[in-house]
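Written out below as structure tokens is the structure these notes cover.
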Amino acid sequence: MSNRSSSLEETFYGNCASLYDVVATAPGIRGWREHTVETLSLSPSDTVVEMGCGTGANLPFLRRAVGSEGTVIGIDLVRGMLDRAHKRVERHGWENVHLIQGDATTPPIDSADALVSTFVIGMLTDPASAVRTWMNTVEPGGRVTLLNAARTNRLVARPLNLPCRLFVRLTAPGYQLRADSPVKRLEERWVDASEALFEGTTGHVDERIGMGFITLASGEVIGETG
Ligand SMILES: C[S@@+](CC[C@H](N)C(=O)[O-])C[C@H]1O[C@@H](n2cnc3c(N)ncnc32)[C@H](O)[C@@H]1O
């Protein structure tokens, strides 16, 4: 089975790129993105890759961390999302930020100092295999960080799990066609992805942020994985 998003999801993101960008860059969410980039421990002049970069909401933080001498590469399947990202790059005049249309599960890159992917894992049919591929593109000692949404595990915020489930269901492309629960599937994929990440890395960060609604997993690549 293919490990990439369905064409239904591609159409969904292609049509909703502008709206998505407004949500993706909201003030609270910006803080999560900043924190995510911090976990990559980037140095000026590093090369960092973002898988499923969408409209480029992480790019300002990645570009700031690697500076003008470094390189940022964003990869996404969907032209409409990349068009928004391109606008962001042009607006800032970032000459060292490169955007590629391609499948993140068969990435068109050989090596990087670090890799990040936010809110993408739930869209991959075999996230563990994608994460192993990603770890193999990162030089030993470089970090890989994943971020995703989840139902909260904090008691005080648990009443918000119902609207959270509803939100995920409504924003899961093709939800009407599916008998299974998008939230459950998203969480299962997260478990698979984070287990694969932790098997191939050391120096783990495993945390919940955003009142427990956001899961973050990060590790330092040990070497070649299977
Ligand atoms: C929820 S958006 C997240 C965008 C961005 N990472 C962010 O944090 O705002 C998911 C993105 O993943 C992209 N995507 C999904 N599957 C992909 C794949 N196999 N290869 C590349 N991009 C993919 C979609 O096109 C979409 O832009």
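Just so you know, ligand 1 is whichever comes first in the structure, and atom 1 is the first atom listed for that ligand.
- The shortest heavy-atom distance from Arg33 to ligand 1 is under 4.0 Å.
- Backbone and side-chain nitrogen or oxygen atoms of Leu77 are examined, and one is located within less than 3.5 angstrom of a nitrogen or oxygen of ligand 1.
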Test log, rule salt bridge (Lys or Arg N to Asp or Glu O under 4.0 Å), inputs Lys87 and Asp83: CA-CA 6 Å; Lys87 283 192 186 134; Asp83 286 346; over 6 Å; no
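- The CD atom of Glu50 lies 7.0 Å from the OG atom of Ser117; values are rounded to the nearest 0.5 Å.
- For ligand 1, the atoms closer than 4.0 angstrom to any heavy atom of Gly54 are 4 (C), 27 (O).
- With hydrophobic clusters built from ILVMFWY side chains whose heavy atoms lie under 4.5 angstrom apart, Val48 shares a cluster with Val89.
- Under the 4.5 Å side-chain criterion, counting only non-hydrogen atoms from C-beta, Leu59 is in contact with Val72.
- Residue contacts with ligand 1: Gly52 is placed with a nitrogen or oxygen under 3.5 Å of a nitrogen or oxygen of the ligand (distance criterion only).
- Applying the 4.0 Å criterion to heavy atoms of Asp103 picks out, from ligand 1, the atoms 18 (C), 19 (N), 20 (N).
- Remark: ligand 1 atoms within the under-4.0 Å shell around heavy atoms of Ala104 are 18 (C), 19 (N), 20 (N), 21 (C).
- The contact set between ligand 1 and Val120, taken as ligand atoms under 4.0 Å from a residue heavy atom, comprises 12 (O).
- Distance CH2/Trp190 to OG1/Thr215: 4.0 Å, rounded to 0.5 Å.
- By the side-chain hydrogen bond (donor to acceptor under 3.5 Å, both in side chains) test, Arg64 is found to be paired with Glu34, residues two or more places apart in sequence or in another chain being considered.
- In this structure, Asp21 contributes its side chain and Cys16 its backbone to no donor-acceptor pair below 3.5 Å.
- Heavy atoms of Ser117 found under 4.0 angstrom from ligand 1: none, in either backbone or side chain.
- Here is the list of ligand 1 atoms found below 4.0 Å of a heavy atom in Glu50: 6 (N).
- Applying the 4.0 Å criterion to heavy atoms of Val78 picks out, from ligand 1, the atoms 25 (O).
- The minimum heavy-atom distance linking Ile121 with Arg189 is given by the pair CG2-O, 3.6 Å.
- Residue pairs meeting the ring-ring contact (aromatic ring centres under 6.0 Å, His included) criterion with at least one partner in residues 94-132, sequence neighbours excluded, are His92-Trp94.
- Ligand 1 lies within reach of Gly102, whose nearest heavy atom is under 4.0 Å from it.
- By the 3.5 Å distance cut-off applied to N or O atoms, Tyr20 is counted among the residues near ligand 1.
- In this structure, Thr55 has no heavy atom closer than 4.0 Å to ligand 1.
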